[in-house]
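Before any comments, here is the structure.
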There are 2 protein chains.
Amino acid sequence: MGQPKYRQIASELRGQIVSGTLREGDRLPTEPQLQDQYGVSRNTVRDATALLVNEGLVHRVPGRAGGMIVRRKVTLTFHAHRAEMPAQPTAETDAWRSEVVAQGYEASQEFSLMIQSLSPELAERLHVETDSVAVLRRCVRYVNGQPSSLQDTYYPMDLAEEIRELLSPKDIPQGTTRLLAERGHEQTAYYDEYISRMPTPEETNLLGLQPGTTILLHVRTGYTEQRPVRVSFNVFAGDRNQIVTTHGDVRLIARFRPEETPE
Amino acid sequence: MGQPKYRQIASELRGQIVSGTLREGDRLPTEPQLQDQYGVSRNTVRDATALLVNEGLVHRVPGRAGGMIVRRKVTLTFHAHRAEMPAQPTAETDAWRSEVVAQGYEASQEFSLMIQSLSPELAERLHVETDSVAVLRRCVRYVNGQPSSLQDTYYPMDLAEEIRELLSPKDIPQGTTRLLAERGHEQTAYYDEYISRMPTPEETNLLGLQPGTTILLHVRTGYTEQRPVRVSFNVFAGDRNQIVTTHGDVRLIARFRPEETPE
DNA sequence: CAGTGGTCTAGACCACGCG
DNA sequence: GCGTGGTCTAGACCACTGG
């Protein structure tokens with residue numbers, strides 16, 4: 001017996017999913033059915049299906065009409081190069097909303113504002129002293145009423161005192177990037193990091209994540225000619241988002257990817 | 001009891017890890033110790049620790065000297081903007097190697113070559129007919145002897161017949177991007193996608209992934225003035241890699257991030 | 001009510017690898 | 001050898017929810 005039973009069972013079910021025998025939204029056999037089918041105990045069945053759950057292939061739904069369901073993958077594309085590029089005056093949040101709408105979904109978002117003292121790591125990113133204070137603007141973004149991603153942006157306190165709008169717990173119509181530019185803090189360089197990891201319990205709650213869902217984290221540090229002025233943490237639920245950027249001649253790409261109209 | 005036992009136990013242990021009471025490389029209590037400590041059965045202990053394993057916080061080591069160990073996070077930074085940008089003549093693989101060495105690790109890679117008929121999805125990306133054939137060049141990249149990431153690049157067959165070096169199962173010294181440019185196929189636009197997901201079983205084997213490890217996928221489609229000429233799938237083990245890009249004035253960033261010396 | 005998955009117990013035997 | 005985690009069994013009771 002090279003493979004343990006629960007892995008063999010998982011492999012068979014996984015095969016049925018990736019080959020298309022079981023499609024998105026389909027129900028797997030119930031746990032008692034799998035026990036009979038493979039002649040194993042319930043715990044072994046659960047070990048097998050736990051693998052699929054953690055791989056993000058399946059989710060479990062309790063209740064009479066529940067079962068184990070093949071997960072749907074609806075992917076929302078987020079264009080990091082469209083939102084808030086120096087040359088583009090589009091408001092960041094409107095950019096997100098219009099992207100979602102263009103892809104045929106309904107968009108909404110919730111703002112909140114916190115004042116926090118900075119961790120050493122964040123202080124270094126913003127090039128300010130450790131334990132100094134910053135404004136945290138959080139935006140939770142919903143697609144079709146479901147939380148899909150969130151954005152946490154930190155601004156140094158002295159900047160927020162100069163630009164008081166940053167202290168308002170509301171959406172800033174023209175977008176913060178544009179607002180800063182209008183007040184003489186134009187961001188002329190970005191440092192972008194892309195990270196993949198499992199969610200923290202807080203993220204699991206905020207984004208309503210199923211087990212087996214990853215996080216796609218995009219950290220953008222924005223610099224003016226003088227200094228870093230903000231750090232944004234874009235936290236995407238990995239099962240429903242991807243990030244796209246382009247380099248070079250966009251019209252070339254649009255010729256072969258019609259959906260990428262640069263407008 | 002709002003929370004089930006196994007979640008409470010997991011929360012306590014997680015708290016000790018994130019707060020620093022348990023540090024990277026430390027051993028958790030053994031399973032029998034946790035049974036005594038919390039007065040629960042072994043399966044409950046295993047349910048609790050399975051959460052931590054799936055969150056990527058801990059890995060299990062069998063054997064007498066084993067145990068449950070807090071995972072180390074050594075992050076290798078991969079600069080997607082340095083390797084193979086149109087303006088930069090650096091060879092792509094050398095770029096990767098020098099990045100790894102600059103971060104104090106040992107680098108090696110293994111090439112292999114396959115001829116494959118394209119899936120509909122890939123054919124669309126390369127703008128060729130479905131079921132047409134392509135060259136797949138795979139490069140598995142090792143850091144300190146451990147597999148860390150892999151790159152699968154697909155070239156349309158007609159291009160490979162024009163540029164025969166693409167059919168050699170070896171590293172191309174100057175880098176394929178530069179080679180193509182020298183033969184009149186300079187890539188002038190890139191379409192970059194960033195995706196986070198759980199690994200496939202194949203990726204788990206190829207990269208030697210622990211449970212709870214995510215995949216950071218970077219898909220780059222390269223275009224010449226005429227057409228798309230290649231698609232690269234950069235598959236990174238999420239626990240040991242991040243991708244960095246910059247926009248705008250790089251010297252600004254270097255002023256505040258000394259480690260980001262432009263080349 | 002009936003059937004789904006969620007949690008939990010108390011056992012058992014095995015594979016591995018350091019001492 | 002012996003203590004680690006890996007796998008597996010056979011039960012039990014619970015929470016939820018559609019019919």
Side-chain angles (χ1 to χ4, degrees), chain A residues 1-13 22 25-71 201 204-205 208-213, chain B residues 1-13 22 25-71 201 204-205 208-213:
Chain A
M1 201 77 70
Q3 283 277 87
K5 288 183 188 175
Y6 77 100
R7 288 191 184 277
Q8 289 178 15
I9 298 170
S11 292
E12 281 200 33
L13 294 171
L22 287 167
D26 282 358
R27 283 178 53 165
L28 269 59
T30 67
E31 292 183 352
Q33 284 169 352
L34 290 171
Q35 288 181 58
D36 292 351
Q37 191 172 330
Y38 293 99
V40 296
S41 73
R42 184 169 169 220
N43 276 351
T44 301
V45 166
R46 286 187 66 79
D47 284 348
T49 53
L51 284 181
L52 304 180
V53 168
N54 288 325
E55 287 167 14
L57 292 175
V58 152
H59 72 275
R60 292 166 164 160
V61 181
R64 171 71 185 265
M68 291 176 285
I69 315 270
V70 180
R71 283 179 69 168
T204 301
N205 290 334
L209 300 182
Q210 296 284 335
T213 307
Chain B
M1 203 73 68
Q3 283 278 86
K5 289 182 187 175
Y6 76 100
R7 287 190 185 277
Q8 290 177 15
I9 298 170
S11 292
E12 282 201 31
L13 294 171
L22 287 167
D26 282 358
R27 285 177 53 164
L28 269 59
T30 66
E31 293 182 349
Q33 283 169 354
L34 290 170
Q35 287 182 57
D36 292 351
Q37 190 173 329
Y38 292 99
V40 296
S41 73
R42 183 167 171 222
N43 276 351
T44 302
V45 167
R46 285 187 67 79
D47 284 348
T49 53
L51 284 181
L52 305 180
V53 169
N54 288 324
E55 287 167 13
L57 292 175
V58 153
H59 72 275
R60 292 167 163 160
V61 180
R64 172 70 186 265
M68 290 176 286
I69 315 268
V70 181
R71 281 178 70 168
T204 302
N205 289 335
L209 301 181
Q210 297 283 336
T213 307

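Keep in mind that this is a model prediction, so the values were computed, not measured. First the proteins, then the strands, lettered A, B, ... as listed; each starts at 1. The analysis underlying the following values was restricted to heavy atoms, covering all of them including side chains, and did not include hydrogens, waters or symmetry mates.
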Notebook entry, point to check: Just how far, in rounded Å, is P of C:dG3 from CD of A:Gln35?
Noted result: 15 Å
Notebook entry, point to check: Once you round it to whole Å, what is the distance between P of D:dG6 and NZ of A:Lys5?
Noted result: 19 Å
Check: Once you round it to whole Å, what is the distance between P of D:dG3 and CG of B:Leu28?
Finding: 20 Å
Item checked: Out of C:dA2, D:dT9, C:dC8, whichever nucleotide has its closest atom nearest the side chain of A:Arg64 -> C:dA2
What does the list of N/O pairs under 3.5 Å between the protein and nucleotides 11-15 of chain D look like, with a distance for each?
from: D:dA12; atom 1: N6; to: A:Arg42; atom 2: NH1; distance (Å): 3.2

Notebook entry, point to check: The side chain of A:Pro4 lies closest to which of these nucleotides: C:dC8, C:dG17, D:dC8?
Noted result: D:dC8
Check: Between A:Val58 and A:Thr49, is a side-chain contact (heavy atoms from CB on, under 4.5 Å) present by the stated rule, with each step listed?
Finding: CA-CA 8 Å; A:Val58 152; A:Thr49 53; 5.9 Å; no
Notebook entry, point to check: Counting side-chain heavy atoms from CB outward, which of C:dG5, C:dT4, D:dT7 is closest to A:Arg60?
Noted result: C:dG5
Next item on the list: Report the distance from atom CD of A:Gln33 to atom P of C:dT4, rounded to the nearest whole Å.
Entry: 7 Å
Checklist line | CZ on A:Arg46 to CZ on A:Arg60, rounded to 0.5 Å | finding: 4.0 Å
Next item on the list: First locate atom CG of A:Leu34, then atom CE of A:Met68, and finally report the distance between them rounded to the nearest 0.5 Å.
Entry: 5.5 Å
Margin query: Could you tell me how far apart A:Glu31 (CD) and D:dA10 (C1') are, to the nearest whole angstrom?
Written below: 15 Å
Next item on the list: Rounded off to whole Å, could you give me the CG-to-P distance for the A:Asp47 and C:dG6 pair?
Entry: 13 Å
Next item on the list: Would you tell me if any nitrogen or oxygen in the side chain of A:Thr44 comes within less than 4.0 Å of OP1 or OP2 on D:dT9?
Entry: yes
Check: Can you check whether B:Gln3's main-chain N or O pairs, donor with acceptor, with B:Gln8's side chain at less than 3.5 Å?
Finding: yes
Notebook entry, point to check: With respect to the side chain of B:Val40, which nucleotide from C:dT9, D:dC8, D:dT4 is positioned closest?
Noted result: C:dT9
Next item on the list: Look at the side chain of B:Met68 and decide which nucleotide, out of D:dT9, D:dG5, C:dT4, has an atom nearest to it.
Entry: D:dG5
Notebook entry, point to check: So, B:Arg27 side chain and B:Gly66 main chain: donor-acceptor pair closer than 3.5 Å or not?
Noted result: yes
Note to self: Taking the minimum atom-to-atom distance to the side chain of A:Tyr6, which one of C:dG6, D:dC8, C:dT9 wins?
What the structure shows: D:dC8
